[in-house]
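The structure appears below as C-alpha coordinates.
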Amino acid sequence: MKKTLAVLFLYMRVKAKGKYEYRAAFWLDALSFLFGYGAQTLLMVLLTQKFDTINGWTPFEVMLLYAYTLASYTLANALLSDVMWSLSRRIRTGDFDQTLTKPMKPLTYEIVTGFSPYYFLHFFLALGMVAIGVTQLHVTVTPLTILQIACGILGGACVQGGVLLLFASASFFWINNPLTGNFYTNIRPLIEYPISVYPKFFQVLLTTLIPLAFVSFYPVQQISGRQDFGLFPPVVRHLSLPVGIAFLLIAYAVFAAASKHYKSTGS
Amino acid sequence: MIEVAHVSKSFKIYKNTKDSKHKLRSLFAREYEIKRAVDDVSFTVGDGELVGYVGPNGAGKSTTIKMLSGILTPTAGEILVDGRIPYEQRQENAKHIGVVFGQRSQLYWDLPMTDTFRLHRRMYEIPEETYKRNVDLFIEVLQMGSFLNQPVRQLSLGQKMRANIAIALLHDPEIVFLDEPTIGLDIVAKSRIRDFVKEINRRKGTTFLLTTHDMDDIEQICGRLMLINHGRLGYDGSLAEFQARYGDPYRLYVTLQPGERPQHPHLQLLGAQEGRFTLGGSKAELPIGEAVSYLSTHYSVRDLRIEESSLESILKAMY
(Lines give C-alpha, C1' and ligand atoms only; values in the text may rest on other atoms or scores of the structure.)
Protein backbone atom coordinates (compact mmCIF):
# COMPACT_ATOMS: atom_id res chain seq x y z
CA MET A 1 0.00 0.00 0.00
CA LYS A 2 2.86 2.38 0.90
CA LYS A 3 4.54 1.69 -2.44
CA THR A 4 1.25 2.12 -4.32
CA LEU A 5 0.60 5.49 -2.71
CA ALA A 6 4.19 6.62 -3.36
CA VAL A 7 3.88 5.67 -7.04
CA LEU A 8 0.43 7.30 -7.20
CA PHE A 9 1.62 10.63 -5.83
CA LEU A 10 4.62 10.65 -8.15
CA TYR A 11 2.38 9.85 -11.12
CA MET A 12 0.09 12.71 -10.14
CA ARG A 13 3.03 15.13 -10.10
CA VAL A 14 4.34 13.83 -13.42
CA LYS A 15 0.92 14.01 -15.05
CA ALA A 16 0.36 17.52 -13.74
CA LYS A 17 3.68 18.50 -15.29
CA GLY A 18 2.44 17.01 -18.54
CA LYS A 19 -0.67 19.16 -18.37
CA TYR A 20 1.39 22.33 -17.95
CA GLU A 21 3.26 21.51 -21.17
CA TYR A 22 0.17 22.43 -23.13
CA ARG A 23 -1.01 25.77 -21.75
CA ALA A 24 -3.94 26.27 -24.10
CA ALA A 25 -5.36 22.85 -23.24
CA PHE A 26 -4.87 23.54 -19.52
CA TRP A 27 -6.80 26.81 -19.57
CA LEU A 28 -9.50 25.44 -21.83
CA ASP A 29 -9.94 22.50 -19.46
CA ALA A 30 -10.30 24.90 -16.54
CA LEU A 31 -12.79 27.04 -18.45
CA SER A 32 -14.85 24.04 -19.56
CA PHE A 33 -15.04 22.91 -15.93
CA LEU A 34 -16.26 26.33 -14.86
CA PHE A 35 -18.84 26.55 -17.63
CA GLY A 36 -19.96 22.93 -17.40
CA TYR A 37 -20.54 22.77 -13.70
CA GLY A 38 -21.60 26.37 -13.50
CA ALA A 39 -24.41 25.52 -15.93
CA GLN A 40 -25.39 22.44 -13.92
CA THR A 41 -25.45 24.44 -10.69
CA LEU A 42 -27.64 27.06 -12.33
CA LEU A 43 -29.95 24.34 -13.62
CA MET A 44 -30.23 22.92 -10.10
CA VAL A 45 -31.09 26.36 -8.70
CA LEU A 46 -33.75 26.85 -11.39
CA LEU A 47 -35.20 23.40 -10.69
CA THR A 48 -35.55 24.21 -7.02
CA GLN A 49 -37.43 27.34 -7.91
CA LYS A 50 -39.60 25.89 -10.64
CA PHE A 51 -40.95 22.71 -9.03
CA ASP A 52 -42.68 22.22 -5.67
CA THR A 53 -42.06 18.50 -5.33
CA ILE A 54 -41.04 15.46 -7.31
CA ASN A 55 -43.02 12.51 -5.96
CA GLY A 56 -43.16 14.28 -2.62
CA TRP A 57 -39.46 15.13 -2.55
CA THR A 58 -38.76 18.81 -2.02
CA PRO A 59 -36.34 20.66 -4.36
CA PHE A 60 -33.55 20.72 -1.77
CA GLU A 61 -33.95 17.01 -1.15
CA VAL A 62 -33.58 16.53 -4.92
CA MET A 63 -30.53 18.77 -4.79
CA LEU A 64 -29.08 16.45 -2.13
CA LEU A 65 -29.70 13.49 -4.45
CA TYR A 66 -27.77 15.26 -7.18
CA ALA A 67 -25.00 16.32 -4.79
CA TYR A 68 -24.53 12.81 -3.34
CA THR A 69 -24.50 11.34 -6.85
CA LEU A 70 -21.97 13.90 -8.04
CA ALA A 71 -19.72 13.62 -4.97
CA SER A 72 -19.55 9.84 -5.13
CA TYR A 73 -19.23 9.93 -8.92
CA THR A 74 -16.17 12.18 -8.71
CA LEU A 75 -14.47 9.96 -6.13
CA ALA A 76 -15.11 6.85 -8.21
CA ASN A 77 -14.05 8.50 -11.44
CA ALA A 78 -10.86 9.97 -10.00
CA LEU A 79 -9.72 6.36 -9.63
CA LEU A 80 -11.57 4.49 -12.33
CA SER A 81 -12.64 6.75 -15.18
CA ASP A 82 -9.50 6.01 -17.18
CA VAL A 83 -9.98 2.29 -16.55
CA MET A 84 -13.49 2.45 -17.96
CA TRP A 85 -12.80 4.81 -20.84
CA SER A 86 -9.39 3.58 -22.00
CA LEU A 87 -9.22 -0.10 -21.10
CA SER A 88 -11.09 -1.21 -24.21
CA ARG A 89 -8.65 0.70 -26.43
CA ARG A 90 -5.62 -0.59 -24.54
CA ILE A 91 -6.83 -4.15 -24.92
CA ARG A 92 -7.62 -3.68 -28.60
CA THR A 93 -4.16 -2.23 -29.35
CA GLY A 94 -2.27 -4.62 -27.08
CA ASP A 95 -1.01 -1.80 -24.84
CA PHE A 96 -2.40 -3.74 -21.89
CA ASP A 97 0.67 -5.99 -22.30
CA GLN A 98 2.69 -3.37 -20.46
CA THR A 99 0.31 -3.43 -17.51
CA LEU A 100 0.94 -7.14 -17.10
CA THR A 101 4.74 -6.72 -17.05
CA LYS A 102 4.76 -4.33 -14.10
CA PRO A 103 5.35 -5.34 -10.45
CA MET A 104 1.84 -4.30 -9.44
CA LYS A 105 -1.59 -5.83 -9.66
CA PRO A 106 -3.05 -4.94 -13.09
CA LEU A 107 -5.95 -2.95 -11.68
CA THR A 108 -3.68 -1.08 -9.25
CA TYR A 109 -1.38 -0.12 -12.12
CA GLU A 110 -4.30 1.00 -14.29
CA ILE A 111 -5.70 3.10 -11.42
CA VAL A 112 -2.33 4.67 -10.59
CA THR A 113 -1.49 5.57 -14.19
CA GLY A 114 -5.02 6.70 -14.98
CA PHE A 115 -5.67 8.61 -11.78
CA SER A 116 -7.33 11.92 -12.47
CA PRO A 117 -7.07 14.40 -9.58
CA TYR A 118 -9.08 17.03 -11.48
CA TYR A 119 -12.26 15.30 -10.38
CA PHE A 120 -11.56 16.67 -6.91
CA LEU A 121 -12.59 20.10 -8.19
CA HIS A 122 -15.98 18.58 -8.99
CA PHE A 123 -16.00 16.93 -5.57
CA PHE A 124 -15.70 20.23 -3.75
CA LEU A 125 -18.52 21.66 -5.84
CA ALA A 126 -20.66 18.66 -4.83
CA LEU A 127 -19.76 19.14 -1.16
CA GLY A 128 -20.86 22.74 -1.49
CA MET A 129 -24.25 21.55 -2.76
CA VAL A 130 -24.50 19.07 0.13
CA ALA A 131 -23.88 21.97 2.53
CA ILE A 132 -26.59 24.08 0.85
CA GLY A 133 -29.06 21.20 0.88
CA VAL A 134 -28.41 20.37 4.52
CA THR A 135 -28.77 24.03 5.50
CA GLN A 136 -31.98 24.57 3.55
CA LEU A 137 -33.53 21.44 5.02
CA HIS A 138 -32.66 22.69 8.52
CA VAL A 139 -30.79 19.51 9.38
CA THR A 140 -29.04 19.68 12.73
CA VAL A 141 -25.39 19.09 11.93
CA THR A 142 -23.67 16.92 14.51
CA PRO A 143 -20.61 14.69 14.31
CA LEU A 144 -23.02 11.81 13.65
CA THR A 145 -24.59 13.70 10.74
CA ILE A 146 -21.17 14.35 9.23
CA LEU A 147 -20.27 10.69 9.66
CA GLN A 148 -23.53 9.63 8.01
CA ILE A 149 -22.90 11.97 5.06
CA ALA A 150 -19.31 10.70 4.71
CA CYS A 151 -20.41 7.05 4.84
CA GLY A 152 -23.22 7.74 2.38
CA ILE A 153 -20.90 9.39 -0.14
CA LEU A 154 -18.17 6.80 0.35
CA GLY A 155 -20.65 3.97 -0.03
CA GLY A 156 -22.03 5.63 -3.15
CA ALA A 157 -18.49 5.96 -4.52
CA CYS A 158 -17.98 2.23 -3.96
CA VAL A 159 -21.21 1.42 -5.81
CA GLN A 160 -20.39 3.70 -8.74
CA GLY A 161 -16.83 2.42 -8.78
CA GLY A 162 -18.16 -1.12 -8.87
CA VAL A 163 -20.36 -0.29 -11.84
CA LEU A 164 -17.41 1.29 -13.70
CA LEU A 165 -15.29 -1.76 -12.95
CA LEU A 166 -17.95 -4.21 -14.12
CA PHE A 167 -18.45 -2.28 -17.34
CA ALA A 168 -14.70 -2.12 -17.92
CA SER A 169 -14.34 -5.87 -17.31
CA ALA A 170 -16.49 -6.57 -20.35
CA SER A 171 -13.62 -5.22 -22.46
CA PHE A 172 -11.75 -8.48 -21.97
CA PHE A 173 -14.56 -10.29 -23.78
CA TRP A 174 -15.96 -7.60 -26.06
CA ILE A 175 -12.97 -5.92 -27.65
CA ASN A 176 -15.18 -3.09 -28.84
CA ASN A 177 -16.94 -2.69 -25.50
CA PRO A 178 -20.33 -0.97 -25.84
CA LEU A 179 -20.66 -0.55 -22.06
CA THR A 180 -17.96 2.08 -21.78
CA GLY A 181 -18.03 5.56 -23.14
CA ASN A 182 -21.39 7.20 -22.93
CA PHE A 183 -23.33 4.22 -21.64
CA TYR A 184 -22.75 4.94 -17.96
CA THR A 185 -22.95 8.69 -18.46
CA ASN A 186 -26.45 8.15 -19.85
CA ILE A 187 -27.75 5.94 -17.03
CA ARG A 188 -26.26 7.95 -14.17
CA PRO A 189 -28.89 10.74 -14.30
CA LEU A 190 -31.51 8.12 -13.34
CA ILE A 191 -30.34 8.32 -9.73
CA GLU A 192 -30.35 12.09 -9.59
CA TYR A 193 -34.09 11.84 -8.98
CA PRO A 194 -36.04 9.83 -6.42
CA ILE A 195 -36.22 6.29 -7.71
CA SER A 196 -39.71 6.00 -6.26
CA VAL A 197 -40.90 7.75 -9.45
CA TYR A 198 -39.91 4.67 -11.45
CA PRO A 199 -41.86 1.39 -11.72
CA LYS A 200 -41.43 -1.07 -8.83
CA PHE A 201 -39.43 -3.46 -10.99
CA PHE A 202 -36.89 -0.73 -11.61
CA GLN A 203 -36.70 0.18 -7.92
CA VAL A 204 -35.94 -3.47 -7.10
CA LEU A 205 -33.30 -3.59 -9.83
CA LEU A 206 -31.59 -0.44 -8.52
CA THR A 207 -31.61 -1.80 -4.97
CA THR A 208 -30.44 -5.34 -5.64
CA LEU A 209 -28.70 -6.25 -8.87
CA ILE A 210 -27.24 -2.81 -9.66
CA PRO A 211 -27.48 -1.09 -6.24
CA LEU A 212 -27.37 2.48 -7.53
CA ALA A 213 -30.17 3.40 -5.11
CA PHE A 214 -27.51 3.24 -2.38
CA VAL A 215 -25.61 6.07 -4.09
CA SER A 216 -28.10 8.77 -3.15
CA PHE A 217 -31.74 7.71 -2.74
CA TYR A 218 -31.34 5.78 0.53
CA PRO A 219 -28.42 7.65 2.18
CA VAL A 220 -30.05 11.06 1.61
CA GLN A 221 -33.07 9.86 3.58
CA GLN A 222 -30.72 9.19 6.49
CA ILE A 223 -30.14 12.96 6.63
CA SER A 224 -33.43 14.40 5.44
CA GLY A 225 -35.60 12.12 7.55
CA ARG A 226 -37.80 11.22 4.56
CA GLN A 227 -39.42 7.78 4.74
CA ASP A 228 -39.65 6.60 1.13
CA PHE A 229 -38.22 3.09 0.90
CA GLY A 230 -40.79 1.40 -1.33
CA LEU A 231 -40.67 -2.37 -0.91
CA PHE A 232 -37.65 -2.28 1.37
CA PRO A 233 -37.29 -1.84 5.13
CA PRO A 234 -36.09 1.50 6.57
CA VAL A 235 -32.74 -0.04 7.51
CA VAL A 236 -31.62 0.35 3.87
CA ARG A 237 -30.89 4.04 4.50
CA HIS A 238 -27.97 2.97 6.75
CA LEU A 239 -26.52 0.37 4.39
CA SER A 240 -24.75 2.43 1.74
CA LEU A 241 -21.25 1.74 2.95
CA PRO A 242 -21.49 -2.03 3.56
CA VAL A 243 -23.47 -2.55 0.35
CA GLY A 244 -21.00 -0.38 -1.56
CA ILE A 245 -17.97 -2.25 -0.23
CA ALA A 246 -19.54 -5.64 -0.94
CA PHE A 247 -20.49 -4.60 -4.48
CA LEU A 248 -17.03 -3.21 -5.15
CA LEU A 249 -15.40 -6.42 -3.95
CA ILE A 250 -17.63 -8.46 -6.26
CA ALA A 251 -16.78 -6.13 -9.15
CA TYR A 252 -13.07 -6.49 -8.39
CA ALA A 253 -13.36 -10.28 -8.39
CA VAL A 254 -15.10 -10.12 -11.77
CA PHE A 255 -12.36 -7.84 -13.13
CA ALA A 256 -9.59 -10.11 -11.87
CA ALA A 257 -11.26 -13.17 -13.42
CA ALA A 258 -11.98 -11.35 -16.69
CA SER A 259 -8.38 -10.14 -17.03
CA LYS A 260 -7.27 -13.78 -17.31
CA HIS A 261 -9.05 -13.84 -20.69
CA TYR A 262 -6.73 -11.23 -22.13
CA LYS A 263 -5.31 -12.49 -25.42
CA SER A 264 -2.97 -9.63 -26.43
CA THR A 265 -2.46 -8.82 -30.10
CA GLY A 266 0.09 -9.64 -32.75
CA SER A 267 3.48 -7.95 -32.60
CA MET B 1 17.31 -19.86 -16.02
CA ILE B 2 14.34 -20.23 -18.32
CA GLU B 3 12.73 -23.64 -18.61
CA VAL B 4 10.05 -24.24 -21.20
CA ALA B 5 8.53 -27.74 -21.32
CA HIS B 6 6.12 -28.85 -24.03
CA VAL B 7 4.44 -25.48 -24.20
CA SER B 8 1.59 -24.82 -26.59
CA LYS B 9 -0.63 -21.82 -27.04
CA SER B 10 -3.85 -21.84 -29.02
CA PHE B 11 -6.20 -19.00 -29.87
CA LYS B 12 -9.84 -19.12 -30.87
CA ILE B 13 -10.11 -17.07 -34.05
CA TYR B 14 -13.48 -16.05 -35.39
CA LYS B 15 -13.91 -16.91 -39.04
CA ASN B 16 -14.31 -13.83 -41.12
CA THR B 17 -16.30 -14.12 -44.32
CA LYS B 18 -17.07 -11.92 -47.30
CA ASP B 19 -20.40 -13.64 -47.85
CA SER B 20 -23.08 -11.20 -46.66
CA LYS B 21 -25.48 -14.02 -45.65
CA HIS B 22 -22.80 -15.53 -43.44
CA LYS B 23 -21.98 -12.11 -42.01
CA LEU B 24 -25.61 -11.69 -40.97
CA ARG B 25 -25.72 -15.19 -39.49
CA SER B 26 -22.53 -14.43 -37.56
CA LEU B 27 -24.45 -11.84 -35.54
CA PHE B 28 -26.31 -14.75 -33.94
CA ALA B 29 -23.95 -17.71 -34.20
CA ARG B 30 -20.28 -17.29 -34.97
CA GLU B 31 -18.00 -19.88 -36.45
CA TYR B 32 -14.47 -20.06 -35.22
CA GLU B 33 -11.30 -22.04 -35.69
CA ILE B 34 -8.45 -22.87 -33.34
CA LYS B 35 -5.06 -21.49 -34.31
CA ARG B 36 -2.03 -23.03 -32.66
CA ALA B 37 0.45 -20.18 -32.37
CA VAL B 38 2.98 -22.22 -30.38
CA ASP B 39 3.05 -25.98 -30.71
CA ASP B 40 4.85 -28.21 -28.20
CA VAL B 41 7.94 -26.06 -27.76
CA SER B 42 10.62 -27.00 -25.25
CA PHE B 43 13.93 -25.33 -24.48
CA THR B 44 16.14 -24.16 -21.65
CA VAL B 45 18.09 -20.91 -21.49
CA GLY B 46 20.92 -20.72 -18.98
CA ASP B 47 22.01 -17.72 -16.96
CA GLY B 48 23.93 -15.14 -18.96
CA GLU B 49 23.11 -16.51 -22.39
CA LEU B 50 22.49 -14.32 -25.42
CA VAL B 51 19.87 -16.12 -27.47
CA GLY B 52 18.37 -15.15 -30.81
CA TYR B 53 14.82 -16.32 -31.39
CA VAL B 54 13.96 -16.09 -35.07
CA GLY B 55 11.23 -17.11 -37.42
CA PRO B 56 9.00 -15.72 -40.15
CA ASN B 57 6.07 -13.43 -39.37
CA GLY B 58 3.38 -15.30 -37.46
CA ALA B 59 5.77 -18.07 -36.42
CA GLY B 60 5.03 -17.72 -32.71
CA LYS B 61 7.99 -15.64 -31.50
CA SER B 62 6.07 -12.86 -29.80
CA THR B 63 3.56 -15.33 -28.37
CA THR B 64 6.44 -17.21 -26.76
CA ILE B 65 7.91 -14.02 -25.31
CA LYS B 66 4.51 -13.04 -23.95
CA MET B 67 4.17 -16.37 -22.17
CA LEU B 68 7.66 -16.05 -20.71
CA SER B 69 6.91 -12.55 -19.44
CA GLY B 70 3.57 -13.56 -17.95
CA ILE B 71 1.30 -11.71 -20.34
CA LEU B 72 -0.24 -14.90 -21.74
CA THR B 73 -0.96 -18.26 -20.14
CA PRO B 74 0.02 -21.38 -22.10
CA THR B 75 -2.74 -23.70 -23.24
CA ALA B 76 -0.49 -26.63 -22.38
CA GLY B 77 2.92 -27.22 -20.89
CA GLU B 78 4.94 -25.47 -18.21
CA ILE B 79 7.22 -22.49 -18.01
CA LEU B 80 9.60 -21.60 -15.23
CA VAL B 81 11.58 -18.36 -15.19
CA ASP B 82 14.16 -18.60 -12.42
CA GLY B 83 11.86 -21.00 -10.62
CA ARG B 84 8.75 -18.83 -10.97
CA ILE B 85 5.66 -19.53 -13.05
CA PRO B 86 5.45 -16.18 -14.86
CA TYR B 87 1.70 -16.11 -15.54
CA GLU B 88 0.83 -17.11 -11.96
CA GLN B 89 3.47 -15.10 -10.11
CA ARG B 90 3.31 -12.14 -12.42
CA GLN B 91 4.14 -9.37 -9.96
CA GLU B 92 7.12 -11.20 -8.49
CA ASN B 93 8.34 -12.23 -11.94
CA ALA B 94 8.08 -8.63 -13.17
CA LYS B 95 10.66 -7.53 -10.59
CA HIS B 96 13.24 -9.83 -12.14
CA ILE B 97 12.63 -9.41 -15.85
CA GLY B 98 12.77 -6.57 -18.33
CA VAL B 99 10.67 -6.46 -21.48
CA VAL B 100 11.05 -4.26 -24.53
CA PHE B 101 8.46 -4.42 -27.27
CA GLY B 102 10.04 -2.80 -30.29
CA GLN B 103 6.83 -1.26 -31.52
CA ARG B 104 5.54 0.02 -28.17
CA SER B 105 6.97 2.64 -25.89
CA GLN B 106 6.93 2.87 -22.10
CA LEU B 107 7.92 6.51 -22.10
CA TYR B 108 5.70 9.34 -20.94
CA TRP B 109 5.11 11.18 -24.18
CA ASP B 110 5.05 14.80 -23.05
CA LEU B 111 7.89 14.76 -20.57
CA PRO B 112 11.64 14.07 -20.50
CA MET B 113 12.55 10.46 -20.02
CA THR B 114 14.10 11.33 -16.67
CA ASP B 115 10.52 11.51 -15.38
CA THR B 116 9.78 8.00 -16.64
CA PHE B 117 13.02 6.87 -15.01
CA ARG B 118 11.87 8.33 -11.70
CA LEU B 119 8.48 6.62 -11.98
CA HIS B 120 10.12 3.28 -12.68
CA ARG B 121 12.49 3.75 -9.81
CA ARG B 122 9.57 4.27 -7.44
CA MET B 123 7.53 1.42 -8.93
CA TYR B 124 10.36 -1.11 -8.79
CA GLU B 125 11.65 0.25 -5.46
CA ILE B 126 15.15 0.58 -6.89
CA PRO B 127 17.70 1.58 -4.24
CA GLU B 128 19.17 5.05 -4.79
CA GLU B 129 22.69 3.75 -5.34
CA THR B 130 21.63 1.18 -7.94
CA TYR B 131 19.47 3.74 -9.70
CA LYS B 132 22.22 6.32 -9.93
CA ARG B 133 24.81 3.76 -11.04
CA ASN B 134 22.53 2.42 -13.78
CA VAL B 135 21.47 5.83 -15.04
CA ASP B 136 25.12 6.89 -15.28
CA LEU B 137 26.01 3.65 -17.09
CA PHE B 138 23.16 3.96 -19.57
CA ILE B 139 23.94 7.59 -20.29
CA GLU B 140 27.54 6.64 -20.97
CA VAL B 141 27.04 3.46 -23.02
CA LEU B 142 23.89 4.51 -24.87
CA GLN B 143 25.10 8.10 -25.23
CA MET B 144 21.84 9.55 -23.97
CA GLY B 145 23.28 12.65 -22.29
CA SER B 146 22.41 14.95 -25.16
CA PHE B 147 18.68 14.25 -25.08
CA LEU B 148 18.02 13.17 -21.50
CA ASN B 149 15.98 16.25 -20.68
CA GLN B 150 14.09 16.62 -23.94
CA PRO B 151 10.37 15.76 -24.09
CA VAL B 152 10.03 12.24 -25.45
CA ARG B 153 7.78 13.34 -28.31
CA GLN B 154 10.74 15.26 -29.75
CA LEU B 155 13.11 12.28 -29.76
CA SER B 156 13.99 10.25 -32.82
CA LEU B 157 13.04 6.60 -33.10
CA GLY B 158 16.58 5.54 -32.25
CA GLN B 159 16.69 7.77 -29.18
CA LYS B 160 13.31 6.48 -27.96
CA MET B 161 14.40 2.88 -28.40
CA ARG B 162 17.58 3.51 -26.39
CA ALA B 163 15.47 5.08 -23.67
CA ASN B 164 13.04 2.13 -23.67
CA ILE B 165 15.88 -0.36 -23.35
CA ALA B 166 17.41 1.68 -20.55
CA ILE B 167 14.10 1.68 -18.67
CA ALA B 168 13.76 -2.08 -19.06
CA LEU B 169 17.19 -2.51 -17.44
CA LEU B 170 16.90 0.14 -14.75
CA HIS B 171 15.95 -2.30 -11.99
CA ASP B 172 18.80 -4.74 -12.81
CA PRO B 173 16.63 -7.60 -14.09
CA GLU B 174 18.32 -10.97 -14.43
CA ILE B 175 16.51 -11.72 -17.69
CA VAL B 176 15.53 -9.34 -20.49
CA PHE B 177 13.20 -10.08 -23.39
CA LEU B 178 13.75 -7.89 -26.43
CA ASP B 179 11.01 -8.14 -29.03
CA GLU B 180 12.38 -6.63 -32.25
CA PRO B 181 14.37 -3.87 -30.51
CA THR B 182 16.09 -2.57 -33.66
CA ILE B 183 13.05 -2.42 -35.90
CA GLY B 184 13.03 0.72 -38.02
CA LEU B 185 16.40 1.99 -36.75
CA ASP B 186 19.31 3.23 -38.83
CA ILE B 187 22.62 1.32 -38.81
CA VAL B 188 24.26 3.64 -36.28
CA ALA B 189 21.37 3.31 -33.83
CA LYS B 190 21.33 -0.47 -34.31
CA SER B 191 25.04 -0.65 -33.67
CA ARG B 192 24.66 1.31 -30.41
CA ILE B 193 21.95 -0.99 -29.16
CA ARG B 194 23.85 -4.14 -30.08
CA ASP B 195 26.96 -2.87 -28.30
CA PHE B 196 24.86 -1.95 -25.27
CA VAL B 197 23.30 -5.40 -25.02
CA LYS B 198 26.71 -7.08 -25.23
CA GLU B 199 28.16 -4.67 -22.67
CA ILE B 200 25.35 -5.27 -20.16
CA ASN B 201 25.65 -9.00 -20.67
CA ARG B 202 29.39 -8.77 -20.06
CA ARG B 203 29.17 -6.50 -17.02
CA LYS B 204 26.12 -7.89 -15.27
CA GLY B 205 25.65 -11.39 -16.69
CA THR B 206 22.13 -10.47 -17.78
CA THR B 207 20.40 -13.11 -19.90
CA PHE B 208 18.94 -11.78 -23.14
CA LEU B 209 16.36 -13.45 -25.34
CA LEU B 210 16.03 -11.47 -28.54
CA THR B 211 13.49 -11.79 -31.33
CA THR B 212 14.40 -10.05 -34.53
CA HIS B 213 14.18 -10.11 -38.30
CA ASP B 214 17.55 -8.43 -38.61
CA MET B 215 20.14 -11.17 -39.03
CA ASP B 216 22.95 -8.77 -38.18
CA ASP B 217 21.42 -8.52 -34.69
CA ILE B 218 21.77 -12.27 -34.37
CA GLU B 219 25.25 -12.48 -35.83
CA GLN B 220 26.63 -9.61 -33.76
CA ILE B 221 24.93 -10.33 -30.44
CA CYS B 222 23.92 -13.96 -30.10
CA GLY B 223 25.89 -17.10 -29.60
CA ARG B 224 22.83 -19.30 -29.73
CA LEU B 225 19.98 -19.46 -32.18
CA MET B 226 16.47 -20.85 -31.87
CA LEU B 227 14.36 -21.06 -34.98
CA ILE B 228 10.59 -21.30 -34.76
CA ASN B 229 8.26 -21.80 -37.69
CA HIS B 230 4.51 -22.52 -37.69
CA GLY B 231 4.71 -22.63 -33.89
CA ARG B 232 7.30 -25.42 -33.80
CA LEU B 233 10.95 -25.23 -32.84
CA GLY B 234 13.00 -26.15 -35.89
CA TYR B 235 16.51 -25.52 -34.57
CA ASP B 236 18.10 -24.88 -31.21
CA GLY B 237 21.85 -24.68 -31.01
CA SER B 238 24.89 -22.52 -31.54
CA LEU B 239 24.97 -20.02 -34.33
CA ALA B 240 28.25 -21.46 -35.64
CA GLU B 241 26.79 -24.97 -35.81
CA PHE B 242 23.73 -23.63 -37.58
CA GLN B 243 25.83 -21.96 -40.24
CA ALA B 244 28.03 -25.04 -40.63
CA ARG B 245 25.03 -27.37 -40.90
CA TYR B 246 22.87 -25.31 -43.20
CA GLY B 247 25.36 -22.93 -44.75
CA ASP B 248 26.79 -25.48 -47.10
CA PRO B 249 26.07 -23.89 -50.48
CA TYR B 250 28.29 -21.12 -51.82
CA ARG B 251 28.68 -19.16 -55.00
CA LEU B 252 31.75 -18.02 -56.89
CA TYR B 253 31.62 -15.07 -59.24
CA VAL B 254 34.62 -15.38 -61.52
CA THR B 255 35.82 -13.34 -64.49
CA LEU B 256 38.11 -15.19 -66.89
CA GLN B 257 40.11 -14.34 -70.00
CA PRO B 258 38.03 -14.24 -73.21
CA GLY B 259 37.52 -17.71 -74.63
CA GLU B 260 37.80 -19.53 -71.31
CA ARG B 261 34.91 -21.35 -69.69
CA PRO B 262 35.22 -22.90 -66.20
CA GLN B 263 34.36 -26.53 -65.67
CA HIS B 264 34.52 -28.80 -62.63
CA PRO B 265 32.46 -31.87 -61.73
CA HIS B 266 31.48 -30.35 -58.37
CA LEU B 267 30.81 -26.81 -59.61
CA GLN B 268 27.51 -26.02 -61.27
CA LEU B 269 27.41 -23.27 -63.87
CA LEU B 270 24.56 -21.02 -62.83
CA GLY B 271 25.15 -18.11 -65.18
CA ALA B 272 27.48 -16.77 -67.87
CA GLN B 273 27.76 -13.33 -69.40
CA GLU B 274 30.68 -11.94 -71.42
CA GLY B 275 33.42 -13.72 -69.58
CA ARG B 276 31.76 -13.45 -66.16
CA PHE B 277 30.58 -16.75 -64.69
CA THR B 278 28.49 -17.67 -61.67
CA LEU B 279 29.37 -21.06 -60.18
CA GLY B 280 27.50 -22.89 -57.45
CA GLY B 281 29.20 -25.35 -55.12
CA SER B 282 28.78 -27.33 -51.92
CA LYS B 283 31.34 -27.16 -49.12
CA ALA B 284 30.80 -30.83 -48.43
CA GLU B 285 31.75 -31.80 -51.97
CA LEU B 286 34.33 -29.13 -52.76
CA PRO B 287 35.57 -26.75 -50.06
CA ILE B 288 35.79 -23.12 -51.12
CA GLY B 289 39.60 -23.05 -50.80
CA GLU B 290 39.97 -26.02 -53.15
CA ALA B 291 37.54 -24.49 -55.63
CA VAL B 292 39.48 -21.23 -55.69
CA SER B 293 42.77 -23.07 -55.98
CA TYR B 294 41.43 -25.14 -58.90
CA LEU B 295 40.19 -22.10 -60.80
CA SER B 296 43.44 -20.20 -60.23
CA THR B 297 45.49 -23.13 -61.45
CA HIS B 298 43.48 -24.04 -64.54
CA TYR B 299 42.27 -20.66 -65.76
CA SER B 300 43.44 -17.07 -66.10
CA VAL B 301 41.33 -15.53 -63.37
CA ARG B 302 40.93 -11.80 -63.72
CA ASP B 303 38.45 -11.33 -60.86
CA LEU B 304 36.94 -13.55 -58.19
CA ARG B 305 34.27 -12.99 -55.56
CA ILE B 306 33.13 -15.57 -53.03
CA GLU B 307 29.62 -15.56 -51.62
CA GLU B 308 28.96 -17.87 -48.71
CA SER B 309 25.49 -18.60 -47.46
CA SER B 310 24.51 -15.78 -45.16
CA LEU B 311 22.33 -16.39 -42.16
CA GLU B 312 19.63 -14.46 -43.97
CA SER B 313 19.79 -16.62 -47.07
CA ILE B 314 19.79 -19.81 -45.01
CA LEU B 315 16.77 -18.72 -43.02
CA LYS B 316 15.00 -17.49 -46.13
CA ALA B 317 15.40 -20.93 -47.66
CA MET B 318 14.17 -22.57 -44.46
CA TYR B 319 11.12 -20.31 -44.08
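Note that this is a predicted model, so its numbers are computed, not measured. No hydrogens, no waters, no symmetry mates; every other heavy atom, side chains included, goes into these values. Naming convention: chains lettered A, B, ... in sequence-line order (proteins, then strands); numbering from 1 in each chain.
Between A:Lys263 and B:Phe11, the shortest heavy-atom contact is O-CE2, 3.7 Å.
Within residues 98-107 of chain A, the residues approaching chain B closer than 4.5 Å by heavy atoms are, in numerical order, A:Gln98, A:Leu100, A:Thr101, A:Lys102, A:Pro103, A:Met104, A:Lys105, A:Pro106.
The number of heavy-atom neighbours closer than 6.0 Å to CD of B:Glu128, taken from other residues, nucleotides and ligands shown, is above 12. At most 12 heavy atoms of other shown residues, nucleotides or ligands fall within 6.0 angstrom of atom CD in B:Glu78.
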request  = Could you please spell out the steps behind the side-chain contact (heavy atoms from CB on, under 4.5 Å) verdict for A:Lys260 and B:Thr73?
outcome  = CA-CA 8 Å; A:Lys260 292 186 185 349; B:Thr73 304; over 6 Å; no
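Atom OH of A:Tyr109 is separated from atom CD of B:Gln91 by 13.0 Å, given to the nearest 0.5 angstrom. Note that the OG atom of A:Ser259 and the CZ atom of B:Arg90 stand 6.5 Å from one another [nearest 0.5 Å].
Residue A:Phe96 does not touch chain B at all, counting heavy-atom pairs closer than 4.5 Å. For chain A, no part of B:His96 is nearby; none of its heavy atoms comes within less than 4.5 Å. Proximity to chain A is limited to the side chain of B:Leu72, based on heavy atoms less than 4.5 angstrom apart.
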